[in-house]
There are 2 protein chains.
Amino acid sequence: MISQTEENYLKALYSLTYLKGDANVNEISKRLDIKMPTVNSMMKKLADKGFVHYESYKPLRLTEEGKKEAALIIRKHRLTEMYLFQKMGFAWDEVHQIAEQVEHIHSPEFFSKMDELLGYPTVDPHGSPIPDQNGVMPLENYVFLNTCKAGDMVTLMAVQPSSKELLQYLTAKNLELGTTLTIKSIEPFDESLTVAYKDRPIEVLSSKVTSTLLVRVITGLA
Amino acid sequence: MISQTEENYLKALYSLTYLKGDANVNEISKRLDIKMPTVNSMMKKLADKGFVHYESYKPLRLTEEGKKEAALIIRKHRLTEMYLFQKMGFAWDEVHQIAEQVEHIHSPEFFSKMDELLGYPTVDPHGSPIPDQNGVMPLENYVFLNTCKAGDMVTLMAVQPSSKELLQYLTAKNLELGTTLTIKSIEPFDESLTVAYKDRPIEVLSSKVTSTLLVRVITGLA
DNA sequence: TTATTTTGTTAGTTTAATCTAACTTGTTAG
DNA sequence: CTAACAAGTTAGATTAAACTAACAAAATAA
Ligand SMILES: [Mn+2]
Ligand SMILES: [Mn+2]
Ligand SMILES: [Mn+2]
Ligand SMILES: [Mn+2]
């Protein structure tokens, strides 16, 4: 059996390694706000259980088994977020805290019922993909808004990472998933973007914001 | 902060003391399948925290604070059961296992949302009353079916205790909450009841069953 | 009423998950 | 290249929640 604590370490390691492929003790320590020696011994334990590749002083990686286990927890998290959002009427900035707890419930029936009632969703309320029942994470081929060019027309697909504060900022700006934006110009000094969307002809987005917004490019300058 | 483990002890003590007023270490030990010395030290800890009246070798009682705390956990349990039953389509014998886990989630918003979506229910799918937000348990003035007389007409209001096996038995017998039964006769030897309900003119219910069925008496013999 | 059984308590051990302090290894800046 | 700093590890302590073994008190049966 895998404990709630171990699940949280696996999830942290999964998200830290998602792009880079590996992570280190210090990163997990900061992410979970747990001291390094504690993380170190937990990594050894998870290695014993076959979830983590651990070698002294080397970067950490999840085994295939560990990746699957982590993805299945993330699946429960994101299904829960979607359920809270779509079926219970919570706002997109309220669902994460509750899902952090619900994700640890052991009941395949509970989560497959959610899945069914939601019509087998593929993304959570923040646009993040929901892994399938086998722990396979769907690929997303979006780009961050701060990598786009002036003149591009893009659709907002996901927010990552999605802090409560950021989500509230976006809500206040009337920016939501599916919103199409046109990039009017890019300020070279601070990389802020002037954009237009919906009934708002001029809005300025800082790079702190644009580096979290994943978009699909619809049209660029020829 | 109160741990999940402590919550389970409080809940056990609440239900064991509900009728008699007190309980003892051995009963909790059996109920939770935890050895007596462990229960003993947990009772001392809960006494330190102000939830339990503990004196060596004397029966255990909850303090008012302890009662309230326990009732609020039971509230979360029963709201969850009702939500799973009414909004997610689970059967009445499937909801308890999931609720055992969900009841420990710390999120007032989550449970008040359930409450609201359910229209502020007063009973769970097994007819057990749902305590209010202040931890006040509504009184139920039902009687057990095995205390009724031949000729009585009664309505099934609750099942207590409601094991999965019992609930499945009742479902198979087409007996559900709200069903009205007429007591045809009582067998003195084993206290089994011959009853009629719905389209079933003759069904025999053993005392093992009738001692768990709470009913409201509609009419008795004059 | 005494003996036996049941229940309750104490003492000490174990495991999981955390910590601090101290030391080692690896990385970076001068 | 070495000194300093950052990151990783080891050792040992702490707390929560469980256990077993042994003993004490209370309840029950003979
Ligand atoms: Mn989330
Ligand atoms: Mn979590
Ligand atoms: Mn999310
Ligand atoms: Mn229940």
Side-chain angles (χ1 to χ4, degrees), chain A residues 1-17 20-62 66 69-70 73 100-101 103-106, chain B residues 1-17 20-62 66 69-70 73 100-101 103-106:
Chain A
M1 193 39 47
I2 177 162
S3 74
Q4 194 152 320
T5 301
E6 290 168 333
E7 290 189 339
N8 284 332
Y9 281 89
L10 286 179
K11 209 160 52 106
L13 187 49
Y14 187 97
S15 77
L16 285 169
T17 55
K20 305 184 299 171
D22 57 35
N24 52 49
V25 173
N26 193 34
E27 288 169 325
I28 299 176
S29 172
K30 281 172 185 151
R31 169 73 65 101
L32 298 179
D33 195 24
I34 287 172
K35 296 290 178 290
M36 283 207 291
T38 307
V39 173
N40 186 270
S41 38
M42 182 57 83
M43 289 304 111
K44 287 176 173 178
K45 195 210 288 193
L46 291 174
D48 281 347
K49 293 197 175 188
F51 296 126
V52 169
H53 290 296
Y54 174 87
E55 288 180 88
S56 278
Y57 298 105
K58 298 247 176 76
L60 300 159
R61 284 173 303 116
L62 285 167
E69 207 59 47
I73 301 159
E100 274 300 307
Q101 299 178 66
E103 70 188 5
H104 300 293
I105 286 174
H106 293 293
Chain B
M1 195 38 49
I2 177 162
S3 74
Q4 195 152 319
T5 302
E6 290 168 334
E7 289 188 341
N8 284 331
Y9 282 89
L10 286 179
K11 209 160 52 105
L13 188 50
Y14 187 97
S15 76
L16 287 168
T17 55
K20 306 183 299 171
D22 57 35
N24 53 48
V25 172
N26 193 33
E27 289 169 325
I28 299 176
S29 172
K30 282 172 184 151
R31 170 71 65 99
L32 298 178
D33 195 25
I34 287 171
K35 296 288 177 293
M36 283 206 291
T38 307
V39 174
N40 187 272
S41 39
M42 182 56 84
M43 289 305 112
K44 287 176 172 180
K45 195 211 285 198
L46 291 173
D48 281 348
K49 293 196 174 189
F51 296 125
V52 169
H53 290 296
Y54 174 86
E55 287 180 90
S56 278
Y57 298 105
K58 298 250 176 74
L60 300 158
R61 285 174 302 116
L62 284 167
E69 207 59 47
I73 301 160
E100 275 298 311
Q101 299 178 66
E103 71 189 2
H104 301 292
I105 285 174
H106 293 294

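These numbers were taken from a predicted model, which means no experiment stands behind them. Just so it is clear: chains get the letters A, B, ... in the order the sequence lines come, proteins before strands, and each one is counted from 1.
- Nucleotide C/dG30 forms a Watson-Crick or G-U wobble pair with D/dC1, both donor-acceptor distances falling under 3.5 Å.
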Listing, residues 30-40 of chain B side-chain donor-acceptor contacts under 3.5 Å, not counting sequence neighbours, or none:
| unit_1 | atom_1 | unit_2 | atom_2 | d |
| --- | --- | --- | --- | --- |
| B/Arg31 | NH1 | B/Ser15 | OG | 2.7 |
| B/Asn40 | ND2 | B/Tyr54 | OH | 3.4 |

Review point. side-chain contact (heavy atoms from CB on, under 4.5 Å) between A/Leu60 and A/Asp22: does it pass, once the steps are laid out?
Key: CA-CA 5 Å; A/Leu60 300 159; A/Asp22 57 35; 6.0 Å; no
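- For the pair B/Leu32 CG and D/dC19 P, the computed distance is 10 Å after rounding to whole Å.
- Among the protein residues, A/Ser3 comes within range of the sugar-phosphate backbone only, with heavy atoms under 4.0 Å from sugar or phosphate atoms but none that close to a base.
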Exercise for review: Going 5' to 3' through nucleotides 4-9 of chain C, assign each nucleotide B (protein heavy atom under 4.0 Å from a base atom), S (under 4.0 Å only from sugar-phosphate atoms) or - (no protein heavy atom that close).
Suggested key: ---SBB
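- Partners of B/Ser41 under the side chain to side chain contact (heavy atoms under 4.5 Å, CB included) rule, at least two apart in sequence or in another chain, do not exist in this structure.
- When the side-chain nitrogen and oxygen atoms of A/Tyr9 are compared with OP1 and OP2 of C/dT18, one or more of them lie within a distance under 4.0 Å.
- For the pair B/Met43 CE and D/dA18 P, the interatomic distance rounds to 10 Å; values are reported in whole Å.
- Remark: B/Asn8 pairs with B/His104 by the side-chain hydrogen bond (donor to acceptor under 3.5 Å, both in side chains) rule, at least two apart or across chains.
- Partners of B/Ile73 under the side chain to side chain contact (heavy atoms under 4.5 Å, CB included) rule, at least two apart in sequence or in another chain, are B/Glu7, B/Lys11, B/Glu103.
- If you check every strand for non-hydrogen atoms under 4.0 Å, A/Thr5 touches sugar and phosphate atoms only.
- With sequence neighbours excluded, the residues that form a salt bridge (Lys or Arg N to Asp or Glu O under 4.0 Å) with B/Lys49 are B/Glu6.
- Atom CG in A/Leu46 sits roughly 12 Å away from atom P in C/dA16 (whole-Å rounding).
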